[in-house]
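Notes follow once the structure below has been shown.
Only a predicted model underlies this, so the values are computations on that prediction, with no experimental measurement involved.
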Amino acid sequence: MVLKVWMSHGDQLDRAPDGFKVIGCTQTSPFAAIINEEKYLFGIQFHPEVTHTPRGKDILKNFVASVCECQTNWTMESFIDKEIGRIRQIVGPNGQVVGAVSGGVDSTVAAKLMKEAIGDRFHAVLVDNGVMRLNECQTVKKQLGDHLGINLKVVDASDKFLDRLKGVTDPEKKRKIIGNTFIEVFESEAAKIDLENKESGHGNIEYLLQGTLYPDVIESISFKGPSATIKTHHNVGGLTKNMKLKLIEPLRELFKDEVRELGKILSIDEDLIWRHPFPGPGIAIRILGEVTPSQVAIVRAADHIFIEEIKKAGLYRKISQAYAALLPVKAVGVMGDKRTYEQVIALRAVETTDFMTADWFPFPYDVLKRISNRIINEVKGVNRVVYDVSSKPPATIEWE
Ligand code: XMP
């Protein structure tokens, strides 16, 4: 039988171990799958877990259910009950937990799970860093606070962030400034909440909630991997060092699709569940060059139109991530009978499953035309729109 599998390795066996016989090979790998029938041991050299191995899931399912005879009785409902019980046990009857939320699906689902487990003893903090999308803070506040009933505090620190970003053009510096300022603001808010709690006779904040998913766990294990070294990702992990808080990570065994399923059961809005990922440093890394309030306003407006039109065209879920970036160049244009000399918006939309590789999305021309017309007509300061047709690699998804 011929099976398509994905292999990527430098080393390979040059003989099967004693007691093993070969049950699968490729043209270049003579020991791609081996078995020890007596001890009932199996070994494979290819990757069954990747999408490039079309029947990988069947192989894993067969191994778990038939070979290991595990029962397939794991359900999302049972996960919720177990996790809520586990959180209550860890935190205790008076313990308090703090966590940052961004409006992304991971932090929202984690926060809602905490709310279900310990109610208002979970304190969510949303830091407005001045580089979020148009009306983002208000929307998150409405969704998490009003709709999901999460105990949420919104801190407007936009001036502080924008002040520190003044004159900075280097992408890594932007990331560091935003990451460090975030930690500072969040810690100070958490300290205030802790004080208020103590004054009203409640318990101490002992835990920090993080929406870590299983792929993050894997990625942080392979810490020398490309993802860790290409860019310093905005990671709130640094928080625990200073705050001496213990981490609580209810999603650390789940994949993204499972988090979405969990979100649905926890009655989180579809819109939020399917939201494209948004980087921690926000639109600061989508404004090439210096981040100023006027640049922020331009890219926000263009991005809003872009996403609105993508949704109208029914393409939002087909695209994995889309955004507008503002280029640090000026181009000549003409408006009425006048020459203009204004900025350029670059549109980026990609399809990907793992965000490690990505292809640019093939928009229908009429949709691109509508988007471009609207941005040029409605966003002041922009006279040209370009569409980014670079795949990852060698380009990355973000422009910075
Ligand atoms: P790249 O640009 O590396 O992006 O191809 C891959 C994914 O990671 C997101 N990204 C970030 N997320 N902090 C984040 O939280 C960052 O500094 C950062 N840089 C990139 C990016 O939006 C994409 O989803």
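- Here the straight-line distance linking atom OG1 of T212 with atom CG of L247 works out to 6.5 Å at 0.5 Å rounding.
- Note on L162: it clusters hydrophobically with I177, by side-chain heavy-atom contacts below 4.5 Å among ILVMFWY residues.
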Could you go through V185 and V155, starting from their C-alpha distance and side-chain angles, then the distance that decides it, and tell me whether this counts as side-chain contact (heavy atoms from CB on, under 4.5 Å)? CA-CA 8 Å; V185 173; V155 189; 4.0 Å; yes
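- Judged purely by atom type and a 3.5 angstrom limit, D269 has no side-chain atom pairing as donor or acceptor with the backbone of L272.
- With hydrophobic clusters built from ILVMFWY side chains whose heavy atoms lie under 4.5 angstrom apart, V389 shares a cluster with I375.
- When all heavy atoms are compared, the tightest approach of L13 to Q45 is N-OE1, 4.1 Å.
- Among residues two or more places apart in sequence or in another chain, the side chain to side chain contact (heavy atoms under 4.5 Å, CB included) test is passed with K82 by none.
- Checking each of R275, K141, R300 against E136 for a salt bridge (Lys or Arg N to Asp or Glu O under 4.0 Å) leaves exactly one that passes, namely R275.
- Taking 4.5 Å as the limit, every side-chain heavy atom of V97 sits out of range of all side-chain heavy atoms of L208.
- For residues 60-115, the set of pairs meeting the ring-ring contact (aromatic ring centres under 6.0 Å, His included) definition, not counting sequence neighbours, comprises W74-F79.
- Between the side chain of D170 and the main chain of K173, a donor-acceptor pair closer than 3.5 Å is present.
- A donor-acceptor contact shorter than 3.5 Å is absent between the side chain of K4 and the backbone of T53.
- Checking side-chain atoms of S200 against main-chain N and O of N197 turns up a donor-acceptor pair under 3.5 Å.
- The stretch residues 112-165 participates, sequence neighbours left out, in no ring-ring contact (aromatic ring centres under 6.0 Å, His included) pair at all.
- Annotation for K311: atom NZ counts as buried by contact number, over 12 foreign heavy atoms lying within 6.0 Å.
- The minimum heavy-atom distance between T108 and I150, with the atom names listed, is O-CD1, 4.5 Å.
- Here I59 sits in one hydrophobic cluster together with M1, L3, V5, M7, I44, F46; the rule is ILVMFWY side chains under 4.5 Å apart, joined directly or through other members.
- For the pair R286 and A324, the tightest heavy-atom approach, listed with the atom from each and the gap, is CB-O, 3.9 Å.
- Not a single donor-acceptor pair under 3.5 Å links the side chain of S158 to the backbone N or O of N129.
- When the salt bridge (charged side-chain N to carboxylate O under 4.0 Å, His left out) test is applied to R260, no partner is found at least two apart in sequence or on another chain.
- Under the 4.0 Å criterion applied to side-chain N and carboxylate O atoms, K153 and E189 are assigned as salt-bridge partners.
- Contact detail for K174 and T169: the closest heavy-atom pair is CE-O, 3.9 Å.
- Considering only heavy atoms from C-beta on, D120 comes within 4.5 Å of K115 through its side chain.
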Evaluate the criterion salt bridge (charged side-chain N to carboxylate O under 4.0 Å, His left out) for residue pair D163 and K160; output intermediate values, then yes/no. CA-CA 5 Å; D163 206 44; K160 186 177 256 178; over 6 Å; no
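- Looking at R348, its side chain does come within 3.5 Å of a backbone N or O of S390 through a donor-acceptor pair.
- A donor-acceptor contact shorter than 3.5 Å is absent between the side chain of S372 and the backbone of L368.
- S267 and L148 make their closest contact through O-CD2, 3.7 Å (heavy atoms, listed as atom of the first residue, atom of the second, distance).
- Hydrophobic cluster membership for L195: none, as no Ile, Leu, Val, Met, Phe, Trp or Tyr side chain comes under 4.5 Å of it.
- Judged purely by atom type and a 3.5 angstrom limit, E258 uses its side chain to pair as donor or acceptor with the backbone of F255.
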As a quick check of understanding, evaluate side-chain contact (heavy atoms from CB on, under 4.5 Å) for V98 and V125, giving each step before the final call. CA-CA 7 Å; V98 69; V125 177; 4.2 Å; yes
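- Side-chain atoms of Q96 do not come within 3.5 Å of backbone N or O of N204 as any donor-acceptor pair.
- Tested against V131 for a side chain to side chain contact (heavy atoms under 4.5 Å, CB included), the candidates I287, I285, V291 yield a single pass: V291.
- With N377 contributing its side chain and N373 its backbone, the two residues share a donor-acceptor pair below 3.5 Å.
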Show which side-chain atoms of residues 23-32 pair as donor or acceptor with protein atoms under 3.5 Å away, not counting sequence neighbours.
{"residue": "T26", "atom": "OG1", "partner": "T28", "partner atom": "N", "Å": "3.2"}
{"residue": "T26", "atom": "OG1", "partner": "S29", "partner atom": "N", "Å": "2.8"}

Go through it in stages, so that I can follow the logic: the residues are E116 and K112, the test is salt bridge (charged side-chain N to carboxylate O under 4.0 Å, His left out), and I'd like the CA-CA distance, side-chain angles, deciding distance and then a yes or no. CA-CA 6 Å; E116 295 294 311; K112 177 68 175 157; 2.9 Å; yes
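- Aromatic ring orientation, F186 versus F182: parallel (interplanar angle below 30°, classes split at 30° and 60°).
- How far NZ of K256 is from CG of L251: 9.5 Å, rounded to the nearest 0.5 Å.
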I would like to know whether I345 and V379 meet side-chain contact (heavy atoms from CB on, under 4.5 Å); could you show each step before the answer? CA-CA 10 Å; I345 283 285; V379 183; 5.9 Å; no
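- Contacts classified as side-chain hydrogen bond (donor to acceptor under 3.5 Å, both in side chains) and involving residues 331-344 (residues at least two apart or in different chains) are given here: T340-N383.
- No close placement of the Y323 and F306 rings is indicated, their centers lying 6.0 Å or farther apart.
- Every residue two or more places apart in sequence or in another chain was checked for a salt bridge (charged side-chain N to carboxylate O under 4.0 Å, His left out) with D359, and none qualifies.
- No more than 12 heavy atoms of other residues, nucleotides or ligands shown are found within 6.0 angstrom of NZ on K61.
- Not counting sequence neighbours, the partners of E270 by the salt bridge (charged side-chain N to carboxylate O under 4.0 Å, His left out) test are R317.
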Going through the distances and angles, do L254 and L262 end up as a side-chain contact (heavy atoms from CB on, under 4.5 Å)? CA-CA 10 Å; L254 302 183; L262 176 57; 3.8 Å; yes
Pair R175-E172, salt bridge (charged side-chain N to carboxylate O under 4.0 Å, His left out): steps then yes or no: CA-CA 5 Å; R175 279 192 170 79; E172 283 299 279; 3.5 Å; yes
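- A358 and T352 make their closest contact through CB-CB, 3.8 Å (heavy atoms, listed as atom of the first residue, atom of the second, distance).
- Pairs passing the ring-ring contact (aromatic ring centres under 6.0 Å, His included) check and including a residue from residues 256-287, sequence neighbours excluded, read H276-Y316.
- The salt bridge (charged side-chain N to carboxylate O under 4.0 Å, His left out) search around K21 returns E37, not counting sequence neighbours.
- A salt bridge does not link E83 with R88: none of the charged nitrogens is closer than 4.0 Å to a carboxylate oxygen.
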Would you please test K318 and E351 for salt bridge (charged side-chain N to carboxylate O under 4.0 Å, His left out) and show each step? CA-CA 7 Å; K318 285 200 181 130; E351 288 178 291; over 6 Å; no
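- The number of heavy-atom neighbours closer than 6.0 Å to CG of D146, taken from other residues, nucleotides and ligands shown, is above 12.
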